[in-house]
Undergrad: 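Take a look at the following structure, please.
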Protein chains: 2
Amino acid sequence: MKARLDSIDWQILKELQGDGRITNVELARRVGISAPPCLRRVRALEEAGLIRGYRTLLDEKQLGYEVTAFVMVGLHNQTENDLVAFEAQVKEWPLVRESYMVSGEVDFIMRCTAKDLETFQNFIIRDVTSTKNVDHVRTALTIRRIKDEPNVPIDKPEYF
Amino acid sequence: MKARLDSIDWQILKELQGDGRITNVELARRVGISAPPCLRRVRALEEAGLIRGYRTLLDEKQLGYEVTAFVMVGLHNQTENDLVAFEAQVKEWPLVRESYMVSGEVDFIMRCTAKDLETFQNFIIRDVTSTKNVDHVRTALTIRRIKDEPNVPIDKPEYF
DNA sequence: CGCAAATAAGCAATAAACTAGCATTTTGCC
DNA sequence: GGCAAAATGCTAGTTTATTGCTTATTTGCG
């Protein structure tokens, strides 16, 4: 694949981040090239894995998911086997929307979505705290969402 | 708009979550109706705000964003004015990808992305800790991503 | 239950977009 | 400067999006 991204590639990524359903024709117009090479570039970016996928953001509240919460988990043992075992468990939990292993006082941070508080608490008590090797669990219920741009800040040169 | 979502609407949302760039024809085929009513349903879902938008997920690492970290901030004062002031600041910081106000020991959780560790540390020292009303700041660098499905778990009936 | 109104689906036709093939231009390197 | 590789733009055929209209289905009420 291509070694380095040129400015048109960056523009393409920027536009696609903002609107993942833009037509290729419109995308081409915005970045200043004709449609065929634009489509080829997008395909190449997908092929290279730079584009991980296309998603639709939904309004959880309206869909009946009242609760969003962060769960921080610390484990007793952190051998690679222990970590992998816990990760496998995390992947199985449908309430967990995103999860990272982190450095610091806790080992994992998870963002969870649940239908209501009861469902969430059941999840914590029944599933999380009772999981093998879990040492401590701390939860933080979200009160409101300030920002949600699951995107890379492509056009902020001051941080490049 | 429509009072209640029927099973076809749910299927539409589920399919769109998984692939935000699916064609309407293919979407219609998957949910078992013809293309025009399918498109009308999607438009109605957008109109109602159930669909918040379409995004493209990028590979931050490949794009040169080495660091993803969680930042937890506690404020001195939590009057509504103080909170709104801090939120306005958060929205201005391009490194912050998502942020929630939470209950518990800290007031805000932010997921941040930066080009490198130095950029991130500068951000914390120069921007976050020096912001008015900030009491304490704790950071957790992510070591690896376990899961990233910024989606609602639509087809897990056991949690409905 | 049965009718009427409202709602949604499907069909057909048109406009727009996607995409492959090919000629041309640009880029990179000797 | 000159060649080879890579990328672009054009053209055209196919697929998709979109709209208007008709038919079918559902909903609400007597």
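Just so we're on the same page: letters track the sequence lines, and every chain starts at 1.
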Undergrad: Output the rounded distance in Å from CZ (B:R29) to C1' (D:dT15).
TA: 15 Å
Undergrad: Using a cut-off of 6.0 Å, state whether more than 12 heavy atoms not belonging to B:Q78 lie near its atom CD.
TA: yes
Undergrad: Write down the distance between CG (B:D9) and C1' (C:dT7), rounded to a whole number of angstrom.
TA: 13 Å
Undergrad: To the nearest 0.5 Å, what is the distance between CG (A:L50) and CG (B:L57)?
TA: 13.0 Å
Undergrad: Could you state the atom-to-atom distance from CZ of B:R41 to C1' of D:dT25 in whole Å?
TA: 12 Å
Undergrad: Output the rounded distance in Å from CD1 (B:I8) to P (D:dT26).
TA: 11 Å
Undergrad: Under 3.5 Å between N/O atoms: give me all the protein pairs with nucleotides 17-24 of chain D, atom names plus distance.
TA:
{"from": "D:dA17", "atom 1": "OP1", "to": "B:N24", "atom 2": "N", "distance (Å)": "2.9"}
{"from": "D:dA17", "atom 1": "OP2", "to": "B:N24", "atom 2": "N", "distance (Å)": "3.0"}
{"from": "D:dA17", "atom 1": "OP2", "to": "B:V25", "atom 2": "N", "distance (Å)": "2.8"}
{"from": "D:dT18", "atom 1": "OP1", "to": "B:R43", "atom 2": "NH2", "distance (Å)": "3.4"}
{"from": "D:dT18", "atom 1": "OP2", "to": "B:R43", "atom 2": "NH2", "distance (Å)": "2.6"}

Undergrad: Expressed in angstrom and rounded to an integer, what is the separation of B:D6 atom CG from D:dT26 atom P?
TA: 11 Å
Undergrad: Does the side chain to side chain contact (heavy atoms under 4.5 Å, CB included) test come out yes or no for B:E66 and B:T113, once each step is laid out?
TA: CA-CA 8 Å; B:E66 296 287 335; B:T113 302; over 6 Å; no
Undergrad: For B:Y65 versus B:K115, what's the shortest heavy-atom pair and its separation?
TA: CD2-N, 3.8 Å
Undergrad: Within the distance-only criterion (no hydrogens, no angle test), does the side chain of B:T142 pair as donor or acceptor with the backbone N or O of B:T68 below 3.5 angstrom?
TA: yes
Undergrad: Is the Lys NZ or Arg CZ of B:R145 less than 6.0 Å from the centre of A:Y100's six-membered ring, within 45° of the axis?
TA: no
